[in-house]
Amino acid sequence: MTREYVAEESGTVASAVPLLAAALPLIGHEAIRSRGTIGGSLAHADPAAELPAVARALDAEFVVRSQAGERVIAAADWFEGYLTTSRRADELLVEVRFPAAAPGTGTSFQEVARRHGDFAVAGLAASLTLSGGAISDARLAFAGLSDMPVRAAGAEDLLDGERPSAELFEEAARRATEDLDPPADLHGSSDYRKKVAAALVRRGLPAAADNAGERK
Ligand SMILES: Cc1cc2nc3c(=O)[nH]c(=O)nc-3n(C[C@H](O)[C@H](O)[C@H](O)COP(=O)(O)OP(=O)(O)OC[C@H]3O[C@@H](n4cnc5c(N)ncnc54)[C@H](O)[C@@H]3O)c2cc1C
């Protein structure tokens, strides 16, 4: 039941889960964030929403409770499709666990929306951890490109162990989008969404790499 604006203003969230902090201000407008909740957004599971992409990128855990007891669901198993999660009708989402970012982690949330505050046409949650100048952990998850948030596993594998460079990030953008088949709607064709997604990777990875150094 934590309101989105409460997490947005939290110094703890900003320092421990910077990707979440980067995504929160992009949710709608202040009036929306002053009422909307973290759990509500994640239970609602809108594939274009910011927080599901963050949860998927970071492998968040969802704690649900019913009279029968409690279970913990991994983000990979939480999102099942458009506005659909693996939560059973008798269960409440009572806790969401986001892992604290490791030292050397840089993050960026990128999105393209028709107007500020609109749901994104496409969004990208990006997190890079650098160790000794090389990428030791890469996490990319898209919003708005499928019926649920999707990880760009091919691009993550490519980035793993490499040193950040413009050429590497260009190839990551290609790999991240090659298998995507985004939905078309009145905001954009499938092809347009795919091009936007590649542009988000080209923007998000350098931004994440740049701020990785700030987190010792
Ligand atoms: C005009 C407008 C613009 C918006 N723009 C954006 C945007 O750009 N990006 C974005 O990400 N979101 C956006 N939102 C969504 C908003 O941020 C909230 O996440 C969303 O409205 C859910 O609100 P809520 O937290 O009050 O949940 P509710 O509306 O109360 O709940 C949403 C659903 O989840 C269920 N639910 C809620 N909490 C739980 C729980 N703990 N356990 C089990 N089920 C639960 C409810 O039963 C309901 O089915 C927008 C909303 C509006 C109205």
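From a predicted model like this one, the values you see are computed outputs, not experimental measurements. Both counts, for ligands and for their atoms, begin at 1 and track the order of listing. Below, all heavy atoms of this structure are taken into account, side chains as well, without hydrogens, waters or symmetry copies.
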(message) Between V121 and R193, is there a side-chain heavy-atom distance shorter than 4.5 Å?
(response)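 Yes - at least one pair of side-chain heavy atoms lies under 4.5 Å apart.
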
(message) Tell me whether atom 46 (C) of ligand 1 lies less than 4.0 Å from at least one protein heavy-atom position.
(response)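 It does not; no protein heavy atom is within 4.0 Å.
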
(message) Yes or no, since that's all I need: does a protein heavy atom fall within a distance strictly under 4.0 Å of atom 51 (C) of ligand 1?
(response)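 Answer yes: something from the protein, a heavy atom, is under 4.0 Å.
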
(message) If the contact criterion is a heavy-atom separation under 4.0 Å, does A120 count as touching ligand 1?
(response)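 It does not; every heavy atom stays at 4.0 Å or beyond.
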
(message) Given 3.5 Å as the limit, does a donor-acceptor pair link the side chain of S41 with the main chain of I38, or not?
(response)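 Looks like no, no N/O pair under 3.5 Å.
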
(message) Would T37 count as a polar contact of ligand 1, with the cut-off being nitrogen or oxygen pairs under 3.5 Å?
(response)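 Yes: some nitrogen or oxygen of T37 is under 3.5 Å from one in ligand 1.
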
(message) Within ligand 1, which atoms have a heavy atom of L93 less than 4.0 Å away?
(response)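 Atoms satisfying the 4.0 Å criterion: 40 (C), 41 (N), 42 (N), 43 (C).
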
(message) Taking 4.0 Å as the limit for heavy-atom contacts, which would you say applies to M1 with ligand 1: side chain only, backbone only, both, or neither?
(response)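 For M1, no heavy atom sits under 4.0 Å from ligand 1.
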
(message) Give me the nearest non-hydrogen protein atom to atom 6 (C) of ligand 1 as residue plus atom name, then the distance to 0.1 Å.
(response)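 For this ligand atom, the closest protein heavy atom is F119 CZ, 3.3 Å.
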
(message) L168 vs I135, test: side-chain contact (heavy atoms from CB on, under 4.5 Å). Steps then yes/no.
(response) CA-CA 11 Å; L168 178 69; I135 298 166; 4.1 Å; yes

(message) Has T84 got a side-chain atom pairing as donor or acceptor with Y82's backbone, closer than 3.5 angstrom?
(response)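 Yes: the side chain of T84 pairs with the backbone of Y82.
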
(message) Would the distance check show the side chain of R151 and the main-chain N or O of R56 forming a donor-acceptor pair, the cut-off being under 3.5 Å?
(response)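 A pair under 3.5 Å: yes.
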
(request) Would you please classify the geometry between the F62 ring and the W78 ring as parallel, tilted or perpendicular, with 30° and 60° separating the classes? (result)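 Ring orientation of W78 relative to F62: parallel.
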
(request) List the closest protein heavy-atom neighbour of atom 19 (O) of ligand 1: residue, atom name, distance to the nearest 0.1 Å. (result)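 That would be E4 OE2, 3.1 Å.
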
(request) Please write down residue, atom name and distance for the protein heavy atom closest to atom 11 (O) of ligand 1. (result)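 Of the protein heavy atoms, E50 OE1, 2.9 Å lies nearest.
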
(message) Distance under 4.0 Å to a non-hydrogen atom of S41: what atoms of ligand 1 satisfy this?
(response)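 That gives atoms 19 (O) of ligand 1.
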
(request) Kindly state if atom 30 (O) of ligand 1 has a protein heavy atom within a strict 4.0 Å cut-off, that is, under 4.0 Å? (result)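 So far as the 4.0 Å threshold goes, atom 30 (O) of ligand 1 is out of reach of every protein heavy atom.
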
(request) Taking K194 for its side chain and L180 for its backbone only, find out whether a donor-acceptor pair lies under 3.5 Å. (result)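 At least one qualifying donor-acceptor pair exists.
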
(request) Pick one of side chain, backbone, both or neither for how D118 approaches ligand 1, counting any non-hydrogen atom pair under 4.0 Å. (result)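 Answer for D118: backbone.
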
(request) Heavy-atom contacts with G117 under 4.0 Å: which atoms of ligand 1 show up? List them by number with element. (result)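 Taking each heavy atom of G117 in turn, ligand 1 has 8 (O) under 4.0 Å.
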
(message) Check whether T107 reaches the backbone of S127 with its side chain - one donor and one acceptor, N or O, closer than 3.5 Å.
(response)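 No, because the side chain of T107 does not come within donor-acceptor range (under 3.5 Å) of the backbone of S127.
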
(message) Please determine whether any non-hydrogen atom of I27 lies less than 4.0 Å from an atom of ligand 1.
(response)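 I27 counts as a contact of ligand 1 under the 4.0 Å cut-off.
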
(message) Counting only heavy atoms not in E70 (residues, nucleotides, ligands), do more than 12 fall under 6.0 Å from its CD?
(response)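 Yes - once you tally the heavy atoms of other residues, nucleotides and ligands closer than 6.0 Å, there are more than 12.
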
(request) Ignoring hydrogens, tell whether any protein atom lies closer than 4.0 Å to atom 21 (O) of ligand 1; use the non-hydrogen atoms only. (result)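 Within 4.0 Å: no protein heavy atom nearby.
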
(message) Using a 3.5 Å cut-off on N or O atoms only, is G28 in polar contact with ligand 1?
(response)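 Looking only at distances, the answer is yes, because the N/O contact criterion of under 3.5 Å is met.
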
(message) Only heavy atoms of A49, strictly under 4.0 Å: list the atoms of ligand 1 that pass.
(response)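 Near A49, meaning under 4.0 Å from one of its heavy atoms, ligand 1 has 10 (C), 11 (O).
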
(request) For L92, take its heavy atoms, then give the atoms of ligand 1 lying under 4.0 Å from any of them. (result)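 The atoms of ligand 1 under 4.0 Å from a heavy atom of L92 are 42 (N), 43 (C).
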
(request) In sequence, state the C-alpha distance, the side-chain angles, and the governing distance for F142 and T177, and then conclude on side-chain contact (heavy atoms from CB on, under 4.5 Å). (result) CA-CA 10 Å; F142 287 115; T177 52; 4.2 Å; yes

(request) Determine yes or no for a side-chain-to-main-chain donor-acceptor pair under 3.5 angstrom, with E162 supplying the side chain and A134 the backbone. (result)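 It does not hold such a pair.
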
(request) Just need the protein heavy atom nearest to atom 23 (O) of ligand 1, so name the residue and atom and give the distance. (result)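 Of every protein heavy atom, G36 CA, 4.1 Å lies nearest to atom 23 (O) of ligand 1.
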
(message) I want to confirm something. Looking only at heavy atoms, which of R35, R33, E91, R3 is nearest to atom 26 (O) of ligand 1?
(response)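 The residue whose heavy atom sits nearest atom 26 (O) of ligand 1 is R35.
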
(request) Please answer whether the main-chain N or O of E61 pairs with a side-chain N or O of R97 as donor and acceptor at a distance below 3.5 Å. (result)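 Absent.
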
(request) For atom CZ of R114, decide whether the heavy atoms of other residues, nucleotides or ligands shown that lie under 6.0 angstrom number more than 12. (result)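 Check fails, neighbour count at 12 or below.
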
(request) May I ask you to identify, for R87, whether its side chain, its backbone, both or neither come under 4.0 Å of ligand 1 on a heavy-atom basis? (result)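 Side chain only.
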
(request) Tell me which protein heavy atom sits closest to atom 49 (O) of ligand 1, plus the residue, atom name and distance to 0.1 Å. (result)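 Among all protein heavy atoms, the one nearest atom 49 (O) of ligand 1 is H44 ND1, 5.0 Å.
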
(request) Output, in order, the C-alpha distance, side-chain angles, deciding distance and verdict of side-chain contact (heavy atoms from CB on, under 4.5 Å) for E50 and L26. (result) CA-CA 7 Å; E50 285 82 4; L26 301 174; 3.9 Å; yes

(request) Specify the protein heavy atom at minimum distance from atom 35 (C) of ligand 1: its residue, its atom name, and the distance to 0.1 Å. (result)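 So the nearest neighbour among protein heavy atoms is A43 CB, 3.9 Å.
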
(message) Students should be able to answer this: which protein heavy-atom is nearest to atom 28 (P) of ligand 1, and at what distance?
(response)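 It is G40 CA, 4.8 Å.
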
(request) Tell me which protein heavy atom sits closest to atom 2 (C) of ligand 1, plus the residue, atom name and distance to 0.1 Å. (result)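 Here the closest protein heavy atom is I32 CD1, 3.4 Å.
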
(request) Taking the side chain as every heavy atom from C-beta outward, state whether E91 and R65 have any atom pair closer than 4.5 Å. (result)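 Answer no - side chains too far apart.
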
